[in-house]
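In what follows, a single structure is set out as structure tokens and then discussed.
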Amino acid sequence: MKYIRKPLFLFLTISILLAPAGSAAEPVKKVAIFPFQMNAPEDLNYLREGIMDMLASRLAWEGKVEVIEKQAVKNALAGHQGPINESAAREVGSKLGADYVLFGSLTVFGESVSIDAKMVGLKEDNPPVTVYAQTKGLSEVIPRINEFAQDINNKIFGRGTAAVASAPAQPRFSKAHPETIMSGPAVGPIKSEDTGSFVSLQSKASSDSDLFRSQRLKFPVNGMDVGDIDGDGRPEIVVLSTFKEVLVYQWDQGRLNKRTSFRGSTRDRLVWVCLLDANHDGKDEIYVSNLRGQRLSSYVLEWKGEELQELASEVEWYFNSLKVAGRDLILLGQKKSTQDIFTAGVYRLQFADGTYEPLEGIGLPHRANVYNFTQGDIDGDGKDETVFIGAEERLYLYDDDGSRLWQSREYYGATDNILEGKAPVTSGSGATVEDEVETFYIPSPILLVDLNQDKQLEILANRNISLSSRMISRVRNFSDGDIESLIWTGGELLPQWKTRPLRGMVVSYRLADMDGDGQDELVAAVVLEKQTFQKTKSMIYVYELDGARALSGQTTAPGIIESN
């Protein structure tokens, strides 16, 4: 027996000595990411949430690094007053059982943004990883945060760049996570719960949501709508170029293909575009609002053969469409004078004998016009309420009797699509003393939808972010934008979900069944952020709405973004 035991003992001893030093399972490191302190003249809560989500997705490493759930961190911070410094982060992080805490701040000075952040170990005596950087504008914040995450992965968790898979080449029209559209490939694997295109205000993303993006269009888009212009049952995407051209694209199995275009006079200034079948021939017409100087010279295009032809020209109406879930699309019109941008009265138009005539007036609150409102039964009382974006770019909700129910403190719908005119200024005696320039920026549209089919209308509105436009009214360079779903709770409109931020200015967005599956997608046209000495370009995004439908089913929304 001794003879047998001795070799066995030696074998076990040698096996232990020769075993790899790291073969024992190492404990998973836990990281608590704290909300950044935002020092800015406007609400940047969307960016604070985005930074937390982005850092979480880049630092999480299956079996090695666990990021503590964001809501758990926020709950632990409940009752904490003042900024989150290192002492506070250590105290709260210890209660959460974290191995590391990550905290920081972002400060905006005019067009400059400074980032100051730190990752500190609580249980190991490792030097902290810090970042202090200054950027020109908010568009550079995400890339710097991405670099910070990579630095943490390299220095603390030993995840060198070799461990990070390079991003595959993207086809001209491809599925892509919106976060990678903003800032390039993620460092390390992205968890499934972080891959959705839609984010609820509890930061719960849908893993079923997909986002498609087009190739870059080599011009700024001034308007966009979706409809079936050739009657084949498939929708086309029609965009206006600021280069005075109407372009028609077909979305075909993930590709955006140009079908045709139409160019009018060199004096044209294309203002807006909408699509609908007003002459009831089974095909949508293209209604182009157009200015020549201060005179309206709009026109209507229809599909003939394989090209666009004018159905009507020199039309003195601004055109738009009004669509509410469960109702027919109607054509709207409003006039202008030689001085005023808009004359009083928005009308439902009808097509008869080759002309467009007003059928009935639309009752609207003061300051609402053909481009900045939508109407529908939002509170379920059987009467239509009006939602519109005011001149100061706040969102308003008015009852059918003209009383104001709600006003946002956040800015919605801002674009750089400007209309100008001269409005006479009168003295107390009624005499005109001078003319001053009147300006109006056409907002991106407001849509009323019922995505989850619960018979309660949701409002889709977008926010384009531009610090400069809040400080200098004529300077409009938008760093990014998103599209939000809001729902009426009886006392206020509360956000339910929003798309992840898209870099640039959201010009227009529509709902249409782009892939023929019987379900509408969300189609958005975005003008990419303007770059010095580079031509401005645009892009079309198509969102699958399954994730949005799931998120819109929420009846409560803790963590709501407070308007400023």
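Heavy atoms only: backbone and side chains are in, while hydrogens, waters and symmetry mates are out. Keep in mind that this is a model prediction, so the values were computed, not measured. When a residue number appears, it is its place in the shown sequence, counting from 1.
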Aromatic rings Phe219 and Phe243: how do their planes relate, parallel, tilted or perpendicular, breaks at 30° and 60°?
perpendicular
Within-4.5 Å side-chain heavy-atom neighbours: [X] and [Y]:
| X | Y | result |
| --- | --- | --- |
| Met38 | Ser105 | no |
| Met514 | Val226 | yes |
| Tyr441 | Glu393 | yes |
| Glu458 | Asp450 | yes |
| Phe319 | Leu331 | yes |
| Asn222 | Val507 | no |
| Leu332 | Phe373 | yes |
| Leu55 | Ile145 | yes |

Is there a donor-acceptor contact under 3.5 Å from the side chain of [X] to the main chain of [Y]?
| X | Y | answer |
| --- | --- | --- |
| Asn464 | Phe478 | no |
| Arg159 | Asn154 | no |
| Asp225 | Leu275 | yes |
| Asp340 | Phe342 | no |
| Glu245 | Ser261 | no |
| Glu316 | Leu296 | no |
| Asn372 | Arg367 | yes |
| Thr415 | Ile442 | yes |
| Trp272 | Cys274 | no |
| Ser214 | Ile540 | yes |

Inter-residue atom distance [X].[atom1] - [Y].[atom2], 0.5 Å rounding:
| X | Y | atom1 | atom2 | result |
| --- | --- | --- | --- | --- |
| Ser289 | Leu270 | OG | CG | 9.5 Å |
| Ile229 | Leu308 | CD1 | CG | 5.5 Å |
| Leu460 | Ile483 | CG | CD1 | 7.5 Å |
| Leu247 | Ser241 | CG | OG | 6.0 Å |
| Ile446 | Gln375 | CD1 | CD | 11.0 Å |
| Glu544 | Glu521 | CD | CD | 4.5 Å |

In sequence, state the C-alpha distance, the side-chain angles, and the governing distance for Asp277 and Asp228, and then conclude on side-chain contact (heavy atoms from CB on, under 4.5 Å).
CA-CA 9 Å; Asp277 182 15; Asp228 182 10; over 6 Å; no
Between [X] and [Y], which heavy-atom pair has the shortest distance, and what is it?
| X | Y | answer |
| --- | --- | --- |
| Val346 | Asn369 | CG2-C, 4.0 Å |
| Ala60 | Val67 | N-CG2, 4.0 Å |
| Arg269 | Leu419 | NH1-CD2, 4.2 Å |
| Leu457 | Ile487 | O-CG1, 4.2 Å |
| Trp317 | Ser298 | O-OG, 2.6 Å |
| Ser538 | Pro220 | OG-CA, 3.3 Å |

Would you mind checking if Arg292 and Asp268 are paired as a salt bridge, meaning a charged N to carboxylate O distance below 4.0 Å?
yes
Ion pair present between Asp53 and Lys70, side-chain N to carboxylate O less than 4.0 angstrom?
yes
For Ser112, the side-chain hydrogen bond (donor to acceptor under 3.5 Å, both in side chains) test, sequence neighbours excluded, returns none
Name all residues meeting the side-chain hydrogen bond (donor to acceptor under 3.5 Å, both in side chains) criterion together with Ser265; count only those two or more places apart in sequence or in a different chain, and write none if there are none.
none
Any chance the side chains of [X] and [Y] put a donor and an acceptor closer than 3.5 Å?
| X | Y | result |
| --- | --- | --- |
| Tyr371 | Gln334 | no |
| Arg259 | Gln250 | yes |
| Gln134 | Ser114 | no |
| Thr439 | Glu420 | no |
| Glu307 | Gln309 | yes |
| Tyr287 | Tyr356 | yes |

Test side-chain contact (heavy atoms from CB on, under 4.5 Å) on Leu486 and Tyr412 and set out the steps.
CA-CA 12 Å; Leu486 303 102; Tyr412 283 89; 3.6 Å; yes
Take Arg234 and Asp513 through the test salt bridge (charged side-chain N to carboxylate O under 4.0 Å, His left out) and record every step on the way to the result.
CA-CA 8 Å; Arg234 300 173 59 196; Asp513 182 7; over 6 Å; no
Cation-pi check for Phe148 against Arg58: NZ or CZ below 6.0 Å from the six-membered ring centre and within 45 degrees of the axis, yes or no?
no
Does Arg463 count as lying over the ring of Tyr411, i.e. NZ or CZ under 6.0 Å from the six-ring centre, within 45 degrees of the axis?
no
Test side-chain contact (heavy atoms from CB on, under 4.5 Å) on Glu314 and Arg295; report intermediate values, then the result.
CA-CA 10 Å; Glu314 302 289 331; Arg295 184 175 64 87; 3.0 Å; yes
Would you check, one step at a time, whether the test side-chain contact (heavy atoms from CB on, under 4.5 Å) holds for Gln37 with Leu106?
CA-CA 6 Å; Gln37 178 73 27; Leu106 185 147; over 6 Å; no
